[in-house]
Amino acid sequence: MLIIIAIIFTSSSSCVAQQVSDIQTVVPIRIPDTVMFAGERIPLEDEDIKERLDRELISIVYGHAYTMLLLKRSGKWRKPLEDSLTKYGIHKDFFYLAIAESSLEPMIKSNRDALGTWQFLEETGKQFGLIVNDNIDERQDPLKSCVAATKYFNQAYKKFGTWAAVAASYNRGMAGLEKAMDNQGTRNYYDLFLNAETSRYVLRIAALKMVLENPKKYGYCIEEYEYYDTFEFDEIKITENIESVPEWAKKHGMTYKEFRLYNPAIAINDNEYNFVVPKGGYVFRVKKK
């Protein structure tokens, strides 16, 4: 009986040892001496700033499924969005602001009704040049709404003078950030005491940049061919109303589903499938030949 007990104990101990050896080793994330956002140095000598960056890095590095999806999805949108940003004079690091806003999901909607990759409210989207009507909602188009976002960024930079403050204002609003600056007597984002979300915001963008630009450094073994394909397309301008968009898509070598994926701004009534062309015509995207 004693022998049987000894065998059972030995077997159990071995199982426990095996379970312990299978547990993932979790280590702190090393923060570099210098971290930049949009060409500006983040003041890591401020222990509060360093701690906030550390929090965001830990959250991103150890959020494995979420971060791997971001990595793969970034392959689809990095080039077109970075090209659009730089075309309009905005640092390409603002690509990571879009990731912080929406995880690069074109049709995601917030509980405050902000919509799309760049999370525009309807009135704000219209203010910065987006079409929003019964047939079209360009907040859902990553590229068109990116152009609108660059208009916002350039306007905010004229007001605040630093890209960190520009990014923070995108989260809090220009008026809200300026009020905080006036009340606290500083124009430096990193010296402001703000609500939790805006306090984390710029540091989260910086942390996303650090991990997504150097994934293997942070334990993500992804090869170039494993990223999603870059979003590429041809364009066709239409000037007349379309009675059946599925038929139009078919004539241009696409299924209706493909058409909607290439043209996420098109908000068609799924009971009618017609499209009313706005004054001056509209450009549809089709599969690149």
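Between D48 and R52 there is a salt bridge, since a side-chain N of the basic residue sits under 4.0 Å from a carboxylate O of the acidic one. Using a cut-off of 4.0 Å between Lys/Arg side-chain N and Asp/Glu carboxylate O, K50 and D46 are scored as not salt-bridged. Salt bridge present: E223 and K216 bring a charged side-chain N and a carboxylate O closer than 4.0 Å. Taking 4.0 Å as the cut-off between side-chain N and carboxylate O, R285 and D141 count as a salt-bridged pair. Note on E258 versus K287: salt bridge recorded, some NZ/NE/NH1/NH2 to OD/OE distance being below 4.0 Å. Checked for salt-bridge contact, K126 and E122 meet the test: a charged N lies under 4.0 Å from a carboxylate O.
At least one side-chain heavy atom of F94 sits under 4.5 Å from a side-chain heavy atom of V166. N274 has its side chain out of reach of V245: every pair of non-hydrogen atoms, C-beta onward, lies at least 4.5 Å apart. Put simply, the side chain of D182 reaches to within 4.5 Å of the side chain of R187, judged on heavy atoms. Y256 is listed as a side-chain neighbour of Y273, based on a closest heavy-atom distance under 4.5 Å. Annotation: side chain of Y170 is in contact with side chain of F153 (closest heavy-atom distance under 4.5 Å). P246 is not listed as a side-chain neighbour of F259, based on a closest heavy-atom distance of 4.5 Å or more. Contact annotation: the side chain of L53 approaches that of M210 to within less than 4.5 Å [non-hydrogen atoms, C-beta and beyond]. For the pair F275 and F284, the minimum side-chain heavy-atom distance is below 4.5 Å.
In K87, the NZ atom is not crowded: 12 or fewer heavy atoms of neighbouring residues, nucleotides or ligands sit closer than 6.0 Å. With a 6.0 Å radius and a threshold of 12 heavy atoms from other residues, nucleotides or ligands, D229 has its CG atom at or below the threshold. Around CD of E243, the count of heavy atoms belonging to other residues, nucleotides or ligands within 6.0 Å does not exceed 12. Environment of CZ in R55: sparse, with no more than 12 heavy atoms of neighbouring residues, nucleotides or ligands closer than 6.0 Å. Atom CG of N241 is surrounded by more than 12 heavy atoms from other residues, nucleotides or ligands within 6.0 Å.
Here L212 contributes atom CG and L71 contributes atom CG; the two are 4.5 Å apart, rounded to the nearest 0.5 Å. Atoms CG and CZ, on D54 and R30 in that order, are 12.5 Å from each other to the nearest 0.5 Å. Here the straight-line distance linking atom CD of E51 with atom CG of L203 works out to 10.5 Å at 0.5 Å rounding. Atom CG of L104 is separated from atom NZ of K76 by 10.0 Å, given to the nearest 0.5 angstrom. In this structure, CG in L208 is found 3.5 Å from CD1 in I60, a value given to the nearest 0.5 Å. The structure places CE of M181 at 7.5 Å from CG of N188, a figure rounded to the nearest 0.5 Å.
In the hydrophobic cluster analysis, where Ile, Leu, Val, Met, Phe, Trp and Tyr join through side-chain heavy atoms closer than 4.5 angstrom, V147 is grouped apart from L97. Under a hydrophobic-cluster definition in which Ile, Leu, Val, Met, Phe, Trp and Tyr are linked whenever side-chain heavy atoms come within less than 4.5 Å, directly or via other members, I58 and I31 are assigned to the same cluster. No path of Ile, Leu, Val, Met, Phe, Trp and Tyr side chains, each step under 4.5 Å between heavy atoms, connects L121 with L130, placing them in separate hydrophobic clusters. Using a 4.5 Å cut-off between side-chain heavy atoms of Ile, Leu, Val, Met, Phe, Trp and Tyr, with links allowed through other members, M107 and Y228 fall into different hydrophobic clusters. Residues F37 and L194 share a single hydrophobic cluster, defined by chaining ILVMFWY side chains whose heavy atoms lie under 4.5 Å apart.
Within the 3.5 Å criterion, the main-chain N or O of G39 finds no donor-acceptor partner in the side chain of W163. Within the 3.5 Å criterion, the main-chain N or O of V61 finds a donor-acceptor partner in the side chain of Y220. Panel note: side chain E138, backbone A265; no donor-acceptor pair is recorded below 3.5 Å. At distances below 3.5 Å, at least one donor-acceptor pair connects side-chain atoms of E40 with backbone N or O atoms of A164. A donor-acceptor contact shorter than 3.5 Å is absent between the side chain of S169 and the backbone of M174. A distance-only check finds no donor-acceptor pair linking the side chain of T67 to the backbone of H64 [under 3.5 Å]. D234 places no side-chain N or O within 3.5 Å of a backbone atom of V286 that could act as its donor or acceptor partner. A side-chain donor-acceptor contact under 3.5 Å links T230 to the backbone of G75. Although no hydrogens or angles enter the test, the distance criterion places no donor-acceptor pair under 3.5 Å between the side chain of E232 and the main chain of K288. Using a distance-only test at 3.5 Å, with no hydrogens or angles considered, a donor-acceptor pair links the side chain of R260 to the main chain of I266.
Residues meeting the side-chain hydrogen bond (donor to acceptor under 3.5 Å, both in side chains) test with Y66, sequence neighbours left out: S103.
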request  = Evaluate the salt bridge (Lys or Arg N to Asp or Glu O under 4.0 Å) criterion for residues K72 and E226: first the C-alpha distance (whole Å), next the side-chain angles of each, then the deciding distance (0.1 Å), finally the verdict.
outcome  = CA-CA 7 Å; K72 294 173 78 70; E226 293 173 311; 6.0 Å; no

Residues F233, Y262; criterion ring pair (Phe, Tyr, Trp, His ring centres under 6.0 Å); working and verdict | CA-CA 8 Å; F233 52 88; Y262 274 84; 7.4 Å; no

Working for side chain to side chain donor-acceptor pair (under 3.5 Å), residues Y201 and E101 = CA-CA 10 Å; Y201 192 70; E101 284 289 322; 2.4 Å; yes

Before you tell me yes or no, could you show the steps for Y282 and T239 under side chain to side chain contact (heavy atoms under 4.5 Å, CB included), namely the whole-Å CA-CA distance, both residues' side-chain angles and the distance that decides it to 0.1 Å? CA-CA 7 Å; Y282 202 74; T239 56; over 6 Å; no

Side chain to side chain contact (heavy atoms under 4.5 Å, CB included) evaluation trace for F95 with S74: CA-CA 9 Å; F95 169 66; S74 70; 4.1 Å; yes

* salt bridge (Lys or Arg N to Asp or Glu O under 4.0 Å) between D33 and R41, worked out -> CA-CA 10 Å; D33 294 333; R41 189 181 68 86; over 6 Å; no

| Step-by-step side chain to side chain contact (heavy atoms under 4.5 Å, CB included) determination, Y62 to V27 | CA-CA 10 Å; Y62 289 112; V27 297; 3.6 Å; yes

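Shortest non-hydrogen contact noted between I42 and A206 is CD1-CB, 3.5 Å. Summarising the geometry of G281 relative to K237, their closest heavy-atom pair is CA-CE, 4.2 Å, with the distance given to 0.1 Å. Between V211 and Y218, the closest heavy-atom pair is CA-CD1, 3.8 Å. The two atoms that bring P106 and W77 nearest to each other are CG-CZ2, 4.3 Å, heavy atoms only. What you find for S102 and G116 is that their closest heavy atoms are CB-O, 3.6 Å. Between M36 and D93, the shortest heavy-atom distance links the atoms O-OD2, 4.3 Å.
With F120 as the aromatic partner, K109 does not meet the cation-pi criteria of under 6.0 angstrom to the ring centre and within 45 degrees of the ring axis.
Checked options Q119, R204, R200, E197; the residue passing with N171 is E197 (criterion: side-chain hydrogen bond (donor to acceptor under 3.5 Å, both in side chains)).
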